Protein chains: 2
Amino acid sequence: MAAKRSGAESKGSARRGVSPRSGQPPRNEPPLSLERIVATAVELLDAEGVDGLKMRRLADRLGAGAMSLYWHVGNKEEVFDLALDSVLEYRGPPEIDASQDWRGEIVHMLEDWRASMLRHPWSASLLPRRALGPNTLSRLELLSKTLSGAGVADADLNVAIWSLWNFVIGATTTRANFDLSDDDRTAAQQRLTGLSQDYPTIERSRLLLDNDWDGAFRKGLDFLLDGLAPRQ
Amino acid sequence: MAAKRSGAESKGSARRGVSPRSGQPPRNEPPLSLERIVATAVELLDAEGVDGLKMRRLADRLGAGAMSLYWHVGNKEEVFDLALDSVLEYRGPPEIDASQDWRGEIVHMLEDWRASMLRHPWSASLLPRRALGPNTLSRLELLSKTLSGAGVADADLNVAIWSLWNFVIGATTTRANFDLSDDDRTAAQQRLTGLSQDYPTIERSRLLLDNDWDGAFRKGLDFLLDGLAPRQ
DNA sequence: CAATTTAATCGTACGACGTACGAGTCAATC
DNA sequence: GATTGACTCGTACGTCGTACGATTAAATTG
């Protein structure tokens, strides 16, 4: 029976202590494991982007045969899902729960969210297409709890959460996209400036020229929070 | 010289009137053209999704050989870009420019934007990854002009536009993603309900259970606009 | 201890894909 | 009639995900 490892977590099982293995090629790599596969997939994605992740290349980096991966994962899509969720873990706010400042807490979590994804730009283009992993759900739960504690009515909670989610997703995917290749960007800017008679107001608003993405995110988020829960 | 068609628009050139062509298979298809390729690509994407678009299949639908496409487009990516932008055309508000109601105008354009993308769910996962086409830029220009006319300060214009863009992109990609496959969704809901002790507030807010996406979009957009330009 | 089962690895091979290359077909032009 | 240029397409190559089954080594059982 060629049963695959499924729902269960990786057992690890620490096969062999240090014995250098009797096989011809002196394998000094540690054995395969889900953790190692996912971690290496993240490395590879960071280095080569979404299109750079090939099962053979991933296996190479792991010092394994391509087909060995399939004992640990069902298919390539699963690798994407796992890599994505692994990057979205949240460690919580720094100070000792200043549970007063709900607004600061939300801003911190969302900025951290965005930062995590921008550290791994491929994640931005992956997230919208994938199911919600446990780390994503945890962030949503925290968001719900904080907003609810801040007095947002249950009837508005749903909308509030989605609005913030939408904002983060939109901001991050857009930013990550413009990040790829500075030359592309300058080319696009030049093209746009050439077309500035077609888009005069865009030109005037310096929409694509300013580079203060962090500031724009923060300010936009403030606007949105103002709308969701007007200060006093 | 195997020069490719480039920047120039498709000349059409109406070769042959009705002559049934002397070749063996009686080709009654009209000749290839960029328009026909893009239109058929949209059909195919609607029917089969992003992964369903293969150059061979597209050529089949067009009654052509796979390699014939490459006279009209540079590569598959270009097909994606063209299909995406073709779906994002905006025809403007219905009534005869009630240029008073800037807020209504913005809401109309953004709701139309979202609707266009949801009519072609593949576009939602494509847009964040692609350069801005002319139709997208037109919408941004309209947005800029309207906000500016509504009295939004030039200093805030940039942030306002990005915030609205982010909201639309996030809302649409998320919605389009959840749309694919009802069975997947019920399965996910069941999985979530099973995990409801881990995510109690999500459960309580009915985050993934309510289906009023349109209402949530509209309400969230209102909140955001409230924050961007407080009424009076 | 030997026999068996289980966990894990990996070589080979297959079908599908994007597309490079160059030969082919036709209408328009000289 | 010869040439040119716009357009079509069959073949072929390299690459990808992964099905299949052989192989090995550890764990378990007698």
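All values reported here derive from a predicted model rather than from experimental measurement. All values below come from the heavy atoms of this structure, side chains included, with hydrogens, waters and symmetry mates left out.
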Take atom [atom1] of [X] and atom [atom2] of [N], then tell me their distance rounded to the nearest Å.
X	N	atom1	atom2	result
Glu78(B)	dT19(C)	CD	P	11 Å
Met67(A)	dT18(D)	CE	P	8 Å
Phe80(A)	dG17(D)	CZ	C1'	12 Å
Trp71(B)	dG24(C)	CH2	P	18 Å
Lys76(B)	dA20(C)	NZ	P	14 Å
Leu69(A)	dG11(C)	CG	C1'	14 Å
Leu58(B)	dC17(C)	CG	P	13 Å
Tyr70(A)	dG11(C)	OH	P	15 Å

| What's the shortest heavy-atom distance between Ala66(B) and Arg56(B), and which atoms? |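 Result for this residue pair: CB-CG, 4.0 Å.
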| field | Heavy-atom pair of closest approach, residues Lys76(B) and Leu53(B) | value |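 Of all heavy-atom pairs spanning Lys76(B) and Leu53(B), the closest is NZ-O, 2.9 Å.
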| request: Any side chain to side chain donor-acceptor pair (under 3.5 Å) involving residues 109-122 of chain B? Give me the pairs, sequence neighbours left out, ordered by first then second residue. | output: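 Every pair satisfying side chain to side chain donor-acceptor pair (under 3.5 Å) with a residue in residues 109-122 of chain B: Asp46(B)-His120(B), Asp46(B)-Trp122(B), Asp112(B)-Arg139(B), Arg114(B)-Asp214(B).
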| task | Enumerate the residue pairs fulfilling side chain to side chain donor-acceptor pair (under 3.5 Å) with a member in residues 84-94 of chain B, sequence neighbours excluded, ordered by first and then second residue. | result |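 Residue pairs with at least one partner in residues 84-94 of chain B: Asp85(B)-Asn135(B), Tyr90(B)-His108(B).
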| request: State whether His72(A) places a side-chain N or O below 4.0 Å from either non-bridging phosphate oxygen (OP1 or OP2) of dA7(C). | output: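 So the side chain of His72(A) is outside the cut-off, no N or O lying under 4.0 Å from OP1 or OP2 of dA7(C).
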| said: So, does Ser68(B) get its side chain near the phosphate of dC9(D), meaning an N or O under 4.0 Å from OP1 or OP2? | reply: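 Looking at the OP1 and OP2 atoms of dC9(D), one of them is under 4.0 Å from a side-chain N or O of Ser68(B).
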| message | A side-chain contact here means heavy atoms from C-beta on lying under 4.5 Å apart; do Thr136(B) and Trp165(B) qualify? | response |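 Yes, at least one pair of side-chain atoms sits under 4.5 Å.
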| query | Are side-chain heavy atoms of Glu141(B) and Asp198(A) found at a separation under 4.5 Å? | reply |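 A side-chain contact is absent here, since even the closest heavy-atom pair is not under 4.5 Å.
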| said: Short of 4.0 Å, heavy atom to strand atom, which residues of residues 47-57 of chain A count as contacting DNA chain D? | reply: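 Result for residues 47-57 of chain A: Leu53(A), Lys54(A), Met55(A), Arg56(A), sorted by number.
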